[in-house]
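First up is the structure itself, then whatever we jot down about it.
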Amino acid sequence: MLHRLRLAAQSSTVTPVATGAEEIVVHGVAAVCDPLGGLYLPATGMLVVSDLHLEKGAAFARRGMMLPPYDTIATLNILAAVIARYDPKVVVSLGDNFHDRRGSEYLPANLRTMIADMARGRDWIWINGNHDPDGTIDLPGTCTDELVYGDLVFRHEPSLATGPNGVKGEVAGHLHPSATVRRREKSVRRPCFASDGHRLLMPAFGVLAGGLDLNHKAMQGIFDRETLVAHLLGRDRIYSVRYGNLLG
């Protein structure tokens with residue numbers, strides 16, 4: 001989390017590809033994996049993020065479990081930085097935007113204003129997730145269960161019906177993909193974008209969100225592992241590693 005906050009705090013001008021980002025292709029669509037955790041599609045001016053899990057600390061507090069109450073402002077600061085980098089026309093947030101159904105309703109006014117400022121002058125689409133299936137309350141933008149935009153479909157949970165042998169072209173979240181590599185005799189685990197060239201799973205953007213290894217059974221059947229690449233979020237750049245070279 002801290003290295004993402006430091007990276008977000010660095011000044012950056014609007015650019016089609018930020019320093020340290022990785023250019024890839026998803027189902028014929030050019031995309032940029034940014035080390036802050038956003039996916040930018042230059043042809044359409046779309047920025048995609050996933051699993052913000054805003055107000056996670058507040059959700060736990062309502063259940064009597066106290067966490068530091070700074071997760072939302074930290075996540076929004078990183079989101080503001082990646083928006084400033086690309087100045088997108090459209091922002092799509094792929095579900096679990098809030099950690100529970102009540103998160104957007106009780107969002108403090110200053111954080112609500114921060115989201116409104118980021119959304120001003122651009123389209124904003126909230127995809128409903130399993131944590132927040134009812135959409136957002138009193139926030140700019142549109143709520144929907146999924147979005148078809150050009151040659152890609154955007155949804156929260158990956159659909160096995162559009163797996164390697166079915167319909168192609170999906171960008172999804174939900175599973176918080178991560179991967180492990182060996183570096184300087186140490187094992188390093190990082191959140192990652194995961195794509196086989198036709199489907200892409202987004203890393204969780206929220207600072208308190210965990211990760212699920214690409215070898216986990218929940219990932220089975222989602223990718224063609226012969227072409228699967230993990231694009232890991234490093235301290236200041238993306239590191240792309242083929243699935244066969246990951247530690248399992």
Side-chain angles (χ1 to χ4, degrees), residues 1 4 22 24 26-27 31 33 37-39 48-54 56 59-60 63 65 67 71 75 92-101 103 126-134 144-147 152-182 187-234 238-248:
M1 177 184 76
R4 290 177 69 211
E22 180 77 6
I24 66 170
V26 183
H27 193 54
C33 298
L39 183 78
V48 185
V49 294
S50 187
D51 296 272
L52 300 176
H53 285 273
L54 300 174
K56 182 172 183 176
F60 274 73
R63 295 164 175 80
M65 300 172 62
L67 294 176
D71 59 293
T75 297
V92 178
S93 187
L94 286 182
D96 286 359
N97 308 298
F98 287 83
H99 193 67
D100 66 7
R101 294 172 184 259
W126 304 98
I127 303 294
N128 300 325
N130 57 295
H131 279 255
D132 56 351
D134 304 321
T144 184
D145 287 335
E146 70 176 37
L147 171 70
L152 298 174
V153 57
F154 300 86
R155 54 171 63 101
H156 179 58
E157 298 187 35
S159 170
L160 290 180
T162 57
N165 298 316
V167 178
K168 308 289 189 178
E170 177 182 79
V171 178
H174 181 58
L175 291 176
H176 302 196
S178 67
T180 303
V181 295
R182 183 172 296 280
S187 296
V188 179
R189 188 182 183 197
R190 290 285 188 267
C192 67
F193 301 86
S195 179
D196 59 6
H198 294 288
R199 163 182 277 141
L200 183 142
L201 285 189
M202 296 285 298
F205 200 89
V207 298
L208 289 185
L212 193 65
D213 196 88
L214 287 178
N215 288 309
H216 192 278
K217 63 181 181 181
M219 300 286 184
Q220 293 179 3
I222 292 177
F223 297 110
D224 177 355
R225 294 192 173 184
E226 292 296 319
T227 57
L228 176 59
V229 178
H231 305 281
L232 290 80
L233 277 62
I238 293 290
Y239 294 87
S240 298
V241 182
R242 296 187 66 86
Y243 176 77
N245 294 329
L246 297 171
L247 296 180

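Only a predicted model underlies this, so the values are computations on that prediction, with no experimental measurement involved. When a residue number appears, it is its place in the shown sequence, counting from 1.
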I'd like to know if the side chain of [X] and the backbone of [Y] have a donor-acceptor N/O pair within less than 3.5 Å.
X: Asp71; Y: Lys56; result: yes
X: Arg190; Y: Tyr239; result: no
X: Arg199; Y: Ser159; result: yes

For [X] versus [Y], what's the shortest heavy-atom pair and its separation?
X: Glu170; Y: Leu152; value: N-CD2, 4.5 Å
X: Asn97; Y: Leu52; value: O-CB, 3.5 Å
X: Thr75; Y: Gly206; value: OG1-CA, 3.7 Å
X: Leu212; Y: Ala218; value: CD2-CB, 3.9 Å
X: Leu175; Y: Leu201; value: CD1-CD1, 4.0 Å
X: Pro158; Y: Gly173; value: CD-O, 3.7 Å

Are [X] and [Y] packed together at the side-chain level, in the sense that at least one heavy-atom pair is separated by less than 4.5 angstrom?
X: Phe193; Y: Met202; answer: yes
X: Asp132; Y: Trp126; answer: no
X: Leu214; Y: Cys192; answer: yes
X: Arg225; Y: Met219; answer: yes

Value rounded to 0.5 Å, distance of [atom1] in [X] from [atom2] in [Y]:
X: Asp196; Y: Thr227; atom1: CG; atom2: OG1; value: 4.5 Å
X: Glu22; Y: Ile238; atom1: CD; atom2: CD1; value: 7.5 Å
X: Asp134; Y: Arg101; atom1: CG; atom2: CZ; value: 4.5 Å
X: Ser178; Y: His216; atom1: OG; atom2: NE2; value: 10.0 Å
X: Asp145; Y: Glu157; atom1: CG; atom2: CD; value: 11.0 Å
X: His176; Y: Asp96; atom1: NE2; atom2: CG; value: 6.0 Å

Do Asn245 and Val181 pass the side-chain contact (heavy atoms from CB on, under 4.5 Å) test, and can you show the C-alpha distance, the side-chain angles, and the key distance before you say yes or no? CA-CA 8 Å; Asn245 294 329; Val181 295; over 6 Å; no
Please report the C-alpha distance between Leu39 and Val26 in whole Å, then the side-chain angles of each, then the deciding distance to 0.1 Å, and finally whether the side-chain contact (heavy atoms from CB on, under 4.5 Å) criterion is met. CA-CA 11 Å; Leu39 183 78; Val26 183; 5.5 Å; no
Could you walk me through whether Val171 and Val153 pass the side-chain contact (heavy atoms from CB on, under 4.5 Å) check? CA-CA 6 Å; Val171 178; Val153 57; over 6 Å; no
Under 30°, 30 to 60°, or over 60°: which ring-plane class applies to His156 and His174, parallel, tilted or perpendicular?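 Geometry flag for His174 against His156: perpendicular rings.
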Assign the ring pair His99 / His53 to parallel, tilted or perpendicular, where the plane angle (0 to 90°) is split at 30° and 60°.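 Tilted: the ring planes of His99 and His53 meet at 30° to 60°.
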Do Asn215 and Tyr243 pair up side chain to side chain, a donor and an acceptor below 3.5 Å, judged on atom types alone?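 Per modelled atom types, Asn215 and Tyr243 side chains form a pair under 3.5 Å.
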